[in-house]
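Counting starts at 1 for both ligands and their atoms, following the listed order. Remember, predicted model here, so these are calculated numbers, not experimental data.
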Amino acid sequence: MGRLDGKVAIITGASSGIGAGTAELFAKEGAAVVLTARRKDRLEALAEKIEKEGGRALAVAGDVREVEDVKNVVAQTMAIFGKIDILVNNAGILDKHMPAIRCPEELWNDVIATDLTGVFHYCREVLPHMVEAGKGSIVNVSSIGGIYMSAGVSYSAAKAGVNGLTRNIALQYAGTGIRCNSVNPGPTPTEANTPEKLATFDEEFREICAKHQFWAGESEVIDQAYAILFFAGDESRYVTGQWLVVDRGMNL
Ligand code: NAP
């Protein structure tokens, strides 16, 4: 018996990294998974893999910044599966550790639109279905950068916003069966976090942030996926409004 048997989950940013790892884990635990991101070929390849392994998956391409795309993902999920038990807001981009004085307007706008407004878009479209069902679990993938502010200015602001939105939604729906929590990963090797990408980050500001952290090493995608699984399933049915840090203790 799987921990998510009979549940339907939308997972954003499922074309790679933590989102793809979470989708595979959820499918193994019995959930039907709706995979969304912009790269359709990646989503379809993952959906095919999940189906071959006996799971159920639907790939729907979309951009979290575009309201019509979000509405389409939600509509297709409802048309095919008839309900949404779990929403994992995982899609996100990094901001190269840009401090305020060097952060270009365009980068600020894109990070806020993707990492914060995208989460709002999905919550706004999915919550009415959860309200009608009288239950649901939203898991937002934030970051240690949104708690300890140890990232660039736009990413820290966006992820702190995600944690604020998480608690606000938890408060609005406390006691109704609808829960909202966040997982806050520390460094985890994915396409967003490769040595080549890190080399393009603002070195000076990265060093300032690092002074306030102890380097405990990287976590793995599966560690983040297991934390997301805990909040998604009924084992955490009385847990809402919480921010769980998964960073090997590097911020203690
Ligand atoms: P990743 O492998 O680059 O995955 C990011 C995902 O987001 C991709 O599937 C990407 O797919 C999707 N995405 C980006 N912009 C999008 C948009 N506008 N619309 C729809 N989907 C979009 O990176 P990751 O590390 O797994 O990141 C997942 C989450 O973990 C992010 O929210 C990130 O901030 C958070 N996080 C990661 C780390 C880390 O060290 N890896 C640490 C803390 C927090 P497409 O390009 O196909 O759209």
Side-chain angles (χ1 to χ4, degrees), residues 10-25 33-47 59-70 72-74 87-97 107 109-122 139-152 154-163 165-166 182-198 201 206 209 213 215-225 227-228 243-248 250-251:
I10 294 177
I11 301 164
T12 74
S15 60
S16 65
I18 294 170
T22 300
E24 290 199 66
L25 179 63
V33 288
V34 178
L35 317 173
T36 186
R38 293 164 301 179
R39 287 170 295 177
K40 196 166 186 228
D41 52 335
R42 293 282 203 100
L43 299 174
E44 286 174 346
L46 181 57
V60 188
D63 188 322
V64 298
R65 298 168 296 183
E66 302 295 334
V67 174
E68 288 312 312
D69 286 9
V70 176
N72 179 47
V73 172
V74 172
L87 167 65
V88 179
N89 281 309
N90 163 78
I93 53 171
L94 271 58
D95 77 350
K96 302 187 176 190
H97 260 71
L107 180 63
N109 287 339
D110 201 22
V111 172
I112 298 294
T114 307
D115 294 9
L116 177 56
T117 311
V119 176
F120 163 64
H121 286 161
Y122 264 96
V139 189
N140 296 324
V141 180
S142 182
S143 170
I144 54 170
I147 293 181
Y148 306 105
M149 307 308 145
S150 49
S154 60
Y155 187 78
S156 289
K159 294 297 191 179
V162 169
N163 283 327
L165 177 153
T166 298
S182 73
V183 169
N184 292 256
T188 307
T190 61
E191 284 178 22
N193 186 350
T194 60
E196 297 72 39
K197 288 229 169 115
L198 290 182
F201 282 22
R206 200 145 67 98
C209 294
Q213 284 174 327
W215 176 247
E218 292 175 319
S219 308
E220 299 298 327
V221 163
I222 193 67
D223 302 306
Q224 308 303 342
I228 295 167
W243 307 339
L244 177 62
V245 173
V246 182
D247 71 347
R248 301 177 69 148
M250 68 187 281
N251 283 284

Under a 4.5 Å cut-off applied to non-hydrogen side-chain atoms, are [X] and [Y] in contact?
X	Y	value
Arg38	Glu66	no
Gln213	Ile144	yes
Asp247	Asn184	no
Leu46	Glu24	yes
Ile18	Ile228	yes
Ser15	Leu43	yes
Val64	Asp69	no
Tyr155	Ser143	yes

Closest protein heavy atom (residue, atom, distance) for [atom]:
atom	result
atom 12 (C) of ligand 1	Gly13 CA, 3.6 Å
atom 24 (P) of ligand 1	Thr190 OG1, 3.5 Å
atom 10 (C) of ligand 1	Ser15 OG, 3.8 Å
atom 2 (O) of ligand 1	Ser16 OG, 2.7 Å
atom 19 (N) of ligand 1	Val64 N, 2.9 Å
atom 43 (C) of ligand 1	Pro185 O, 3.2 Å
atom 21 (N) of ligand 1	Ala91 CB, 3.6 Å
atom 18 (N) of ligand 1	Asp63 OD1, 2.9 Å

Original post:
Is it the side chain, the backbone, both or neither of Ser142 that has a heavy atom closer than 4.0 Å to ligand 1?
Top reply: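 The part of Ser142 near ligand 1 is the backbone, not the side chain.
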
**OP:** With heavy atoms under 4.0 Å as the rule, classify the contact between Thr114 and ligand 1 as side chain, backbone, both or neither.
**Re:** side chain

Subject >> Proximity winner for atom 31 (C) of ligand 1, if only heavy atoms of Val141, Asp41, Asn90, Val162 are counted >> reply: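 That would be Asn90.
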
Subject >> Option nearest atom 46 (O) of ligand 1 (shortest heavy-atom distance, choices Glu66, Arg38, His121) >> reply: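 When every heavy atom of Glu66, Arg38, His121 is considered, Arg38 comes closest to atom 46 (O) of ligand 1.
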
Which ligand 1 atoms, with their elements, are less than 4.0 angstrom from a heavy-atom of [X]?
X	result
Glu191	2 (O)
Gly17	2 (O), 26 (O)
Gly186	40 (O), 42 (C)
Gly92	5 (C), 7 (O), 14 (C), 31 (C), 32 (O)
Thr188	39 (C), 40 (O), 41 (N)
Tyr155	33 (C), 34 (O), 35 (C), 36 (N), 43 (C), 44 (C)
Pro187	40 (O)
Asn193	39 (C), 40 (O), 41 (N)

Does [X] reach ligand 1, in the sense of a heavy atom lying below 4.0 Å from it?
X	result
Gly62	yes
Ser219	no
Gly145	no
Arg65	yes
Lys159	yes

**OP:** Check the pair Leu165, Val119 against side-chain contact (heavy atoms from CB on, under 4.5 Å), reporting the backbone distance first and the verdict last.
**Re:** CA-CA 9 Å; Leu165 177 153; Val119 176; 3.9 Å; yes

How close do [X] and [Y] get, counting heavy atoms only, and between which atoms?
X	Y	result
Ser154	Asp95	OG-OD2, 2.7 Å
Gly145	Ala151	CA-CB, 4.2 Å
Ala61	Thr36	C-OG1, 4.0 Å
Ala91	Asp115	O-OD1, 4.4 Å
Lys159	Ser142	O-OG, 3.0 Å
Ser219	Gln224	CB-NE2, 3.5 Å

Original post:
Yes or no on side-chain contact (heavy atoms from CB on, under 4.5 Å) for Thr188 and Asp223, after CA distance, side-chain angles and deciding distance?
Top reply: CA-CA 9 Å; Thr188 307; Asp223 302 306; over 6 Å; no

Purely on distance, is any nitrogen or oxygen of [X] under 3.5 Å from one on ligand 1?
X	answer
Ile18	yes
Ile93	no
Gly19	no
Ser143	no

**OP:** Applying side-chain hydrogen bond (donor to acceptor under 3.5 Å, both in side chains) between Asn140 and each of Asn90, Asn89, Asn163, report the one that passes.
**Re:** Asn89

